[in-house]
There are 2 protein chains.
Amino acid sequence: MTDHKLGHVAVTIKEVARVAGVSTATVTRALSNPEVVRPTTRERVREVAASLGYHPNRAARGLITGRTGNLGLLVPDLANPFFPSIVKGVQGRAHEADHAVFLADTDEDPAAEAGLVRKLAKQVDGIVLCSPRMAEPELRTLAAEVPTVLVYRRIAGVPSVTAEFLDGMRQAISHLVALGHQRIAYVAGPRRSWANRERVRSLRAVARKSGVELCEMGNVAPQFHGGVSIADRVLATEVTAVIAYNDLVALGLLHRFAARGVAVPDDLSVLGFDDIPLAEMVHPALTTVALPKEEAGQAGVDLLLRLLDSHQEVRRELPTHLMVRGSTGPAR
Amino acid sequence: MTDHKLGHVAVTIKEVARVAGVSTATVTRALSNPEVVRPTTRERVREVAASLGYHPNRAARGLITGRTGNLGLLVPDLANPFFPSIVKGVQGRAHEADHAVFLADTDEDPAAEAGLVRKLAKQVDGIVLCSPRMAEPELRTLAAEVPTVLVYRRIAGVPSVTAEFLDGMRQAISHLVALGHQRIAYVAGPRRSWANRERVRSLRAVARKSGVELCEMGNVAPQFHGGVSIADRVLATEVTAVIAYNDLVALGLLHRFAARGVAVPDDLSVLGFDDIPLAEMVHPALTTVALPKEEAGQAGVDLLLRLLDSHQEVRRELPTHLMVRGSTGPAR
DNA sequence: ATGATCACTGTAAACCTTTTCATCGAGCGA
DNA sequence: TCGCTCGATGAAAAGGTTTACAGTGATCAT
């Protein structure tokens with residue numbers, strides 16, 4: 001931007017215009033609206049610009065276009081290993097589209113989210129929002145103020161990226177049924193979480209169809225300690241398999257089961273959701289329903305850019321895949 | 001920024017000036033240079049600004065001041081659980097200072113880093129750089145072009161935040177020696193990594209002093225699979241304890257040891273570095289040297305802001321702590 | 001030959017803020 | 001009372017880009 005230590009100043013459009021022997025208007029056109037300028041002129045300008053190392057000043061451009069070239073990305077908790085992959089996806093696609101990404105982390109505090117979004121809003125063209133918990137009306141208000149794409153949340157009238165939970169659940173249950181499991185526990189995540197509601201809904205539907213007996217267990221924090229805290233209650237039931245709200249919870253279960261001397265999968269099968277990197281690092285490795293993460297981030301950016309320049313409101317639903325690993329086995 | 005769906009336009013400084021009955025110059029002064037305007041005027045202006053919901057347009061401000069109010073943050077791999085905490089620290093402190101954070105992830109590709117930094121540089125006032133691998137001269141060049149603070153890397157003449165590796169290593173070795181270990185393996189990380197070189201250096205110094213026999217083992221990728229891949233070679237040596245380059249590598253070791261039926265810590269003690277969240281999620285939980293992460297991020301921002309407005313080049317070295325968990329025990 | 005159309009390019013205004021410089025009146029010492 | 005200084009404020013320029021509008025010369029149909 002400014003000269004830091006050396007005395008070299010940024011080259012402006014005027015300089016390019018002077019060297020190329022044209023007006024600044026032609027320079028800007030040659031660079032961002034190439035088809036309206038004569039090929040020979042266009043090339044000359046572009047060469048001069050390149051040789052001088054010219055890059056338009058984003059502040060000046062933003063001042064007049066009203067666009068910043070920046071996107072916002074809000075995630076509830078970067079420490080939750082589910083999110084870094086989403087961030088990477090957003091990053092990558094945004095850079096391809098020559099946009100930079102502002103990242104904000106709400107520390108799992110839905111109350112802080114709206115404020116943060118509004119703060120971010122002033123500096124970005126649009127926002128990719130991962131907000132499993134924020135109340136629906138508030139979300140809707142927000143989406144009306146700032147161009148927004150939801151990731152892993154669906155609301156009527158707001159573009160969104162989600163995954164095929166129902167199909168994922170179907171794969172999970174089929175897998176367990178094939179292994180002979182008939183009584184299955186589900187450890188629920190946060191009550192207000194959209195993802196949890198979705199999972200419960202698909203789980204019930206699938207369970208009913210396949211005739212397995214479902215044992216739903218109280219809501220826990222979507223984290224490792226959530227799983228740890230409910231593990232003993234799971235053991236007190238008569239199930240042969242347990243599906244956790246997500247992988248972190250599943251890992252918490254695994255941890256506590258190991259401490260209690262319960263063999264997985266011999267005594268009990270454990271199945272997670274998300275497929276975070278840790279899932280295959282533990283022993284036994286965790287069988288889990290993989291949700292697209294990087295792809296979801298990319299899709300979020302795609303949808304946002306589309307929303308920005310053609311006001312299209314689209315939704316996308318990405319496929320899920322069951323990853324069979326060591327934590328599930330034949331029913332006892 | 002612009003009106004999204006409703007037709008409300010952003011309120012400008014002119015509007016505030018008109019309503020408050022002063023010139024725009026006075027408005028800007030009242031808000032960002034309060035001591036030069038008469039108290040009564042100042043308050044009137046501030047009230048009007050607040051009631052109108054005025055916020056200075058950052059692009060316009062940036063155009064004239066040359067500052068963007070943004071910071072850049074570059075990390076090698078967000079999927080490595082060491083970094084999200086750093087990001088959180090940077091985030092938090094930056095927001096307190098009313099700066100937004102551009103995040104970029106280099107996907108562990110040191111070659112891409114310089115380019116990314118330069119790209120980022122145009123949109124930020126300064127950069128917090130986590131670059132364990134980039135060559136020193138290149139890093140120095142970069143730091144001369146853009147105000148930069150290094151995190152977990154130290155180079156003469158560039159502000160940096162690091163941790164007391166030597167002391168951490170001392171704690172680790174004392175712990176192992178107290179448990180009766182005399183032959184200890186070290187699984188090295190990437191050869192070009194500054195952190196690895198630092199660890200080797202301190203390890204050798206401490207080992208010599210305490211008379212333990214050191215068995216250094218080849219360089220592995222600083223990831224889970226790195227640990228997995230070298231585990232068998234560790235078993236082939238006659239050590240009773242192994243220190244891994246970082247927690248991920250340690251977890252890889254643990255994983256493979258479990259598969260081979262080697263009991264940890266009974267047959268072999270394992271010690272990591274970093275203290276990532278996973279360290280206490282596995283069974284047995286990992287004993288590790290905890291490095292400050294969130295604090296490092298905060299310190300990085302502090303140093304950067306100081307560098308920006310008073311050209312002070314400072315370095316800071318944060319304390320480390322040994323976290324004793326289940327993976328270390330008495331020597332066999 | 002004339003007017004219309006077209007492709008291309010230039011001029012100047014506009015975006016919003018900060019900052020320099022000038023102005024004005026009040027207070028003060030002489 | 002005069003001349004100065006000082007505090008408070010306003011007018012206007014500056015920052016770099018984009019874009020609406022105007023202008024140019026060439027081509028084409030009449």
Side-chain angles (χ1 to χ4, degrees), chain A residues 1-3 8-46 48-49 52-70 98 121-123 125 308-309, chain B residues 1-3 8-46 48-49 52-70 98 121-125 309:
Chain A
M1 169 116 306
T2 65
D3 42 333
H8 76 135
V9 192
V11 27
T12 78
I13 200 174
K14 264 188 181 161
E15 183 68 3
V16 177
R18 196 180 58 73
V19 175
V22 295
S23 73
T24 62
T26 300
V27 175
T28 190
R29 280 189 285 246
L31 296 175
S32 53
N33 217 359
E35 67 278 9
V36 304
V37 15
R38 186 160 47 129
T40 67
T41 320
R42 182 205 309 158
E43 287 319 309
R44 181 160 39 99
V45 170
R46 301 196 124 183
V48 170
L52 262 51
Y54 168 73
H55 293 279
N57 177 317
R58 321 232 353 171
R61 168 181 290 177
L63 186 54
I64 187 154
T65 61
R67 298 221 358 202
T68 60
N70 301 332
D98 211 30
K122 293 191 294 276
Q123 314 183 51
D125 299 333
L308 286 176
D309 52 46
Chain B
M1 171 110 308
T2 65
D3 38 336
H8 75 134
V9 192
V11 27
T12 78
I13 200 175
K14 262 189 183 163
E15 183 68 3
V16 177
R18 197 181 56 75
V19 174
V22 295
S23 72
T24 62
T26 300
V27 175
T28 190
R29 280 190 283 247
L31 296 175
S32 52
N33 218 359
E35 68 278 10
V36 304
V37 12
R38 186 159 48 125
T40 68
T41 320
R42 182 204 310 157
E43 286 318 310
R44 181 159 40 97
V45 171
R46 301 196 125 185
V48 171
L52 262 49
Y54 168 74
H55 293 277
N57 177 317
R58 314 203 44 140
R61 168 181 290 177
L63 187 54
I64 186 152
T65 61
R67 293 211 18 189
T68 60
N70 301 332
D98 211 31
K122 293 190 296 273
Q123 313 184 52
V124 301
D125 299 333
D309 52 48

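Just so we're on the same page: letters track the sequence lines, and every chain starts at 1.
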From the set C:dG10, C:dC16, D:dT17, return the single nucleotide nearest to any side-chain atom of A:A60.
D:dT17
D:dG10, D:dT17, C:dC16: which one has an atom nearest the side-chain heavy atoms of B:S23?
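Ranking D:dG10, D:dT17, C:dC16 by closest atom to the B:S23 side chain puts D:dG10 first.
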Protein-to-nucleotide contact annotation, 5' to 3' order, nucleotides 19-25 of chain C [B base; S sugar-phosphate only; - none; under 4.0 Å, heavy atom]:
BB-----
Could you tell me whether the side chain of B:R42 and the main chain of B:E35 form a donor-acceptor pair under 3.5 Å?
no
Given side chains that start at C-beta, do those of B:Q123 and A:N70 come closer than 4.5 Å, heavy atoms only?
yes
Please work out which residues in residues 35-46 of chain B have a non-hydrogen atom less than 4.0 Å from an atom of DNA chain C and list them by number.
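None - not one residue of the stretch has a heavy atom sitting under 4.0 Å from the strand.
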Please name the pair of heavy atoms, one in B:A59 and one in A:G62, separated by the smallest distance, quoted to 0.1 Å.
CB-C, 4.3 Å
B:G53 and B:V11: which non-hydrogen atoms are nearest, and at how many Å?
O-CG1, 3.7 Å
Please state how far atom [atom1] in [X] lies from atom [atom2] in [N], giving the value in whole angstrom units.
{"X": "A:L63", "N": "D:dT18", "atom1": "CG", "atom2": "P", "value": "11 Å"}
{"X": "B:K14", "N": "C:dT17", "atom1": "NZ", "atom2": "P", "value": "10 Å"}
{"X": "A:R61", "N": "C:dA14", "atom1": "CZ", "atom2": "C1'", "value": "17 Å"}
{"X": "A:R58", "N": "C:dT17", "atom1": "CZ", "atom2": "P", "value": "21 Å"}

If you apply the rule side chain to side chain contact (heavy atoms under 4.5 Å, CB included), what do you find for A:R58 with A:T68, and how did you get there?
CA-CA 7 Å; A:R58 321 232 353 171; A:T68 60; over 6 Å; no
Could you walk me through whether A:N57 and A:T12 satisfy the side chain to side chain contact (heavy atoms under 4.5 Å, CB included) test, starting with their C-alpha distance in whole Å, then the side-chain angles of each, then the deciding distance to 0.1 Å, before giving a yes or no?
CA-CA 8 Å; A:N57 177 317; A:T12 78; over 6 Å; no
Determine, step by step, whether B:E43 and B:R46 satisfy the salt bridge (charged side-chain N to carboxylate O under 4.0 Å, His left out) criterion, reporting the C-alpha distance in whole Å, the side-chain angles of both residues, the deciding distance to 0.1 Å, and the verdict.
CA-CA 5 Å; B:E43 286 318 310; B:R46 301 196 125 185; 5.0 Å; no
